[in-house]
Chemist: 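Submitted below is the structure of interest, expressed as structure tokens.
The model shown is predicted, which means the values in this text are computed figures rather than measured ones.
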Amino acid sequence: MKIRVFVSLKDGVLDPQGKAVGHALEALGFKGVGEVRVNRVVELDVPATDKAAAVKQGEDMARALLANEVIEDFSVEVAA
């Protein structure tokens with residue numbers, strides 16, 4: 001079963017990569033762009049037989065490796 005793990009910085013955590021992208025967009029003529037945040041999406045095939053088990057595996061993987069829970073949040077969804 002295919003799942004997606006979305007990882008993003010928590011509110012209040014500075015995002016230097018997002019800041020750099022925002023400056024680059026402005027330099028390219030895209031004026032008025034507000035705050036830019038860069039996030040990650042990790043797609044995985046997991047050996048689950050139902051959606052709940054797949055989401056649980058994704059959450060376990062995020063806690064173990066994919067997200068730093070001190071500064072990042074994550075969510076997991078089953079891909080269609």
Side-chain angles (χ1 to χ4, degrees):
M1 189 170 291
K2 184 172 289 236
I3 60 170
R4 290 189 186 103
V5 180
F6 298 91
V7 182
S8 60
L9 290 171
K10 291 183 177 186
D11 289 338
V13 176
L14 296 178
D15 184 357
Q17 186 177 12
K19 188 68 84 175
V21 169
H23 286 299
L25 288 171
E26 189 161 320
L28 290 170
F30 296 98
K31 304 298 181 197
V33 175
E35 182 181 15
V36 177
R37 307 281 284 181
V38 175
N39 301 306
R40 295 189 314 276
V41 178
V42 181
E43 293 187 356
L44 304 145
D45 284 319
V46 295
T49 56
D50 62 70
K51 290 183 178 186
V55 168
K56 172 79 168 86
Q57 285 183 359
E59 290 171 347
D60 291 346
M61 290 177 188
R63 286 188 184 95
L65 175 69
L66 302 175
N68 176 349
E69 289 190 277
V70 173
I71 61 169
E72 294 174 319
D73 289 322
F74 68 87
S75 64
V76 179
E77 72 175 23
V78 174

Chemist: Looking only at non-hydrogen atoms, find the nearest pair between Arg40 and Ala67 and report the distance.
Modeler: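 Nearest pair, atom of Arg40 first, then Ala67: NH2-CA, 4.4 Å.
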Chemist: Test of understanding: clusters of I, L, V, M, F, W, Y form through side-chain heavy atoms closer than 4.5 Å, transitively. Do Val41 and Met1 belong to the same one?
Modeler: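 No; Met1 is not reachable from Val41 via cluster members.
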Chemist: For residues Pro47 and Gln57, report the shortest heavy-atom separation together with the two atoms involved.
Modeler: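 Answer, listing the atom of Pro47 first, then Gln57: CD-OE1, 3.6 Å.
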Chemist: Could you pull out the closest heavy-atom pair between Leu44 and Val5, with the gap in Å?
Modeler: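 Closest approach of Leu44 to Val5, heavy atoms only: CD1-CG2, 3.9 Å.
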Chemist: Answer yes if Leu9 and Val76 sit in the same cluster of Ile, Leu, Val, Met, Phe, Trp and Tyr residues linked by side chain heavy atoms under 4.5 Å apart, and no otherwise.
Modeler: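 No; Val76 is not reachable from Leu9 via cluster members.
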Chemist: Sorted by first residue and then second, give each salt bridge (Lys or Arg N to Asp or Glu O under 4.0 Å) pair with at least one member in residues 2-14; sequence neighbours left out.
Modeler: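 Every pair satisfying salt bridge (Lys or Arg N to Asp or Glu O under 4.0 Å) with a residue in residues 2-14: Arg4-Glu43, Arg4-Glu77.
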Chemist: Please answer: with hydrophobic residues joined when any side-chain heavy atoms are less than 4.5 Å apart, are Val7 and Val21 in the same cluster?
Modeler: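 Each belongs to a different hydrophobic cluster.
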Chemist: Measuring from atom CG of Asp73 to atom CG of Asn68, what distance do you get when rounded to the nearest 0.5 angstrom?
Modeler: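 So the gap between those two atoms works out to 11.0 Å.
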Chemist: Do you know which two heavy atoms are closest between Ala54 and Val78, and how far apart they sit?
Modeler: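 Nearest heavy atoms, Ala54 then Val78: CB-CG2, 4.2 Å.
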Chemist: When rounded to the nearest 0.5 angstrom, what distance separates CD1 in Ile3 from NZ in Lys56?
Modeler: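 Ile3 atom CD1 to Lys56 atom NZ measures 12.0 Å (nearest 0.5 Å).
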Chemist: Inspect the contact between Lys19 and Asp15 and indicate whether a charged nitrogen and a carboxylate oxygen are less than 4.0 angstrom apart.
Modeler: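 Lys19 and Asp15: not salt-bridged.
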Chemist: With a 6.0 Å cut-off (strictly less than), is the heavy-atom count around CG of Leu14, excluding the residue itself, greater than 12?
Modeler: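 No, CG of Leu14 has 12 or fewer neighbouring heavy atoms, counting only those of other groups under 6.0 Å.
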Chemist: Output the distance between atom CZ (Phe74) and atom CD (Glu59), rounded to the nearest 0.5 Å.
Modeler: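 Between atom CZ of Phe74 and atom CD of Glu59 there are 5.5 Å.
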Chemist: Under the side-chain contact (heavy atoms from CB on, under 4.5 Å) test, which residues partner Glu35, sequence neighbours left out?
Modeler: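 side-chain contact (heavy atoms from CB on, under 4.5 Å) list for Glu35, sorted by chain: Arg37.
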Chemist: From Arg63 CZ over to Met61 CE, what is the distance, rounded to the nearest 0.5 angstrom?
Modeler: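 Reported to 0.5 Å precision, the distance equals 13.0 Å.
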Chemist: Could you see if Val70 belongs to whatever hydrophobic cluster contains Val13? Use Ile, Leu, Val, Met, Phe, Trp, Tyr and a side-chain cutoff under 4.5 Å.
Modeler: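 Both belong to a single hydrophobic cluster.
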Chemist: Do Leu65 and Val55 share a hydrophobic cluster, counting only Ile, Leu, Val, Met, Phe, Trp and Tyr and linking them when any side-chain heavy atoms are less than 4.5 Å apart?
Modeler: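 Same hydrophobic cluster.
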